[in-house]
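Please read the structure below before turning to the comments.
Just so it is clear, the structure is predicted and the values come from calculations on it, not from any experiment. Here is how names work: the chains are called A, B, and so on, in the same order as the sequence lines, proteins then strands, and each is numbered from 1.
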There are 2 protein chains.
Amino acid sequence: MISSDESSCDGSCGSCSEHGTCTDPKAQDKTPTRLGRIKHKIVVGSGKGGVGKSTVTVNLAVALKRRGYSVGILDADITGPNIPKLLGIDDRRLTSGPEGIEPAVAEGIKVVSMALLLEDRDAAVVWRGPMKMAAIKQFLEGVNWGVLDFMLVDLPPGTSDEPISVIQLLPDLEGAIVVTTPQELALLDSRKAINMFLAMNVPLIGIVENMSGLRCPHCGQVIELFKVDGGKNAAGDMGAHFLGAVPLEADIGALGDRGVTFTGRETVAGRAFEKIVSEVLMRIGVPRAVDAILTEA
Amino acid sequence: MISSDESSCDGSCGSCSEHGTCTDPKAQDKTPTRLGRIKHKIVVGSGKGGVGKSTVTVNLAVALKRRGYSVGILDADITGPNIPKLLGIDDRRLTSGPEGIEPAVAEGIKVVSMALLLEDRDAAVVWRGPMKMAAIKQFLEGVNWGVLDFMLVDLPPGTSDEPISVIQLLPDLEGAIVVTTPQELALLDSRKAINMFLAMNVPLIGIVENMSGLRCPHCGQVIELFKVDGGKNAAGDMGAHFLGAVPLEADIGALGDRGVTFTGRETVAGRAFEKIVSEVLMRIGVPRAVDAILTEA
């Protein structure tokens, strides 16, 4: 709590009149809230579904973890939660402890998702906006996240309740990563997502172009169904940073179905991902030297 | 209005105490509401985005139109409306007439979509649930749909506000078509959508498996990234009707980007679609003879 005499701040930010607007670093260091112990909060969004947003989120998380950072994923897609399946932990269930809900852990990453609460994995969560908002609030504030370097929030498609709620509940959001595929139809919706983030004062970390081109694994020729550079061009048009492109590879879908990530693999997609993670770290100002040391460790 | 003496029904259903629950065919014939003049109302949904739901909707509409039926499409994806782009009319705007909002017309199909109202196609519609509900209500009741054989409602991904609103606003819904891709991840969400429809007493017309397999257009070999039969197997598991599979073809994405439908083309996907439409008509009880006559006409 900040009074006119700053030294009297007792760290009880929750009851302070300046809560939410206080910029005093001394006070923030004492912040007892759980979310204050998470350093970088990043949302991963896209206007359109099916562009591989959740795949990008889990691979980004694994790549950060491999570099030595502590990472959590909040799956904010309440009605279509896919993160646990992609990490191979869809048979686990969240537990409750003295500190609140305990996240599940996969590959060293803390995970909270609606999929980890449903008794039947095929059960439909037929909820309107306010119920989804309540769930997201609980997932943020009622979970024992501990101290984390990164929290990645996987958003559902669209520009409605979930992104609005997350952005409102996380005033110290570091920024947004927008995932798109190169087709015009996906870009149409991705540009809407970018405009939503800009309108809500969320810094845009950059754009990832997923499913960028496909070569036939048999004859090596390019298949034109999957374009390239659409995301890169859209980034240029909108003055946004281009983080990189991840090509389609024959086993990505199957790996996801089996709950296996592909970051760090010696494939084009695996290497592309490592580059994207370096770009993200540079964009949010994590010093290169620290990043290099952690990578070597 | 129904009184104890049934002959006194004057057709003023809106002010009748039995409005919404009345099952008297005499009264229903007189229903003066606009929606009463639309014979078959069908929703096209999927738990997951990016499975080609909108592509299936427009091709289904075009195939019905080619058989002589009058068709309208309500694009209920308020924050990510793609129907106009797929029909090549994303530069049009809805107009207002003495009978209310006038739908746009593409390939003889009446279309209402949020995309036809936005001044800037990249503008984000950052709306919570109640605003989306109000828009959908307006799109249903405030539009001069006229007399239609079919209204296809294209739902956004998920099991939240838009499907709930549409189902509540259309008590005489004929049924739902669920579109999926064969990957397990998509099936996970599709099963949720099916369970939502069942829980809300919406009859399931059947499942369409989209992006079902890909052959390299150069060497003809099957590319394993894209599985087959996942949707067919899920239909079997859930006791649902399987309407058919549409394979990926090299130019489908590009056709969509250019606003060109592929129904009726002499390709595997085009022919697959004609079969799916026949299945749908059979499932909803449109007599085969009538269908055949209309096809020949």
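Between the side chain of A:Glu249 and the main chain of A:Val268, a donor-acceptor pair closer than 3.5 Å is present. Counting only distance, with no hydrogens or angles, the side chain of A:Asp77 and the backbone of A:Gly80 share a donor-acceptor pair below 3.5 Å. Between the side chain of B:Thr79 and the backbone N or O of A:Ser160 there is no donor-acceptor pair closer than 3.5 Å.
In this structure, the portions of A:Val126 lying under 4.5 Å from any heavy atom of chain B include both its backbone and its side chain. For chain B, no part of A:Ala199 is nearby; none of its heavy atoms comes within less than 4.5 Å. Heavy atoms closer than 4.5 Å to chain A are found in the side chain of B:Asp189, but not in its backbone. For A:Asp161, the parts lying under 4.5 angstrom from a heavy atom of chain B are both the backbone and the side chain. Neither the backbone nor the side chain of A:Met238 has a heavy atom closer than 4.5 Å to any heavy atom of chain B. Heavy-atom distances place the side chain of A:Pro157, and not its backbone, under 4.5 Å from chain B.
Counted within 6.0 Å of CZ on A:Arg128, heavy atoms from surrounding residues, nucleotides or ligands total more than 12; the atom is thus considered enclosed.
One finds a salt bridge joining A:Asp172 and A:Lys41 here, because a Lys/Arg side-chain nitrogen approaches an Asp/Glu carboxylate oxygen to under 4.0 Å. Here B:Asp257 pairs with A:Lys227 in a salt bridge; the nearest charged N to carboxylate O distance falls below 4.0 Å.
Ranked by heavy-atom pairs under 4.5 Å with chain B, the first of A:Leu86, A:Asn195, A:Val51 is A:Asn195. For the set A:Val125, A:Leu198, A:Thr181, the entry with the most heavy-atom pairs within less than 4.5 Å of chain B is A:Val125. Note: B:Ser165 leads B:Pro163, B:Pro130, B:Gly47, B:Ser165 in heavy-atom pairs under 4.5 Å with chain A. Interface check for chain A: of the options B:Met131, B:Lys132, B:Arg121, the most heavy-atom pairs under 4.5 Å are formed by B:Arg121. Here A:His218 is the residue among A:Lys85, A:His218, A:Gln183, A:Glu162 with the most heavy-atom pairs under 4.5 Å with chain B.
Considering CD1 of A:Ile207 and CD1 of A:Ile177, their distance stands at 11.5 Å, rounded to 0.5 Å. In this structure, A:Leu118 CG and A:Ser113 OG are separated by 8.0 Å, a value rounded to the nearest 0.5 Å.
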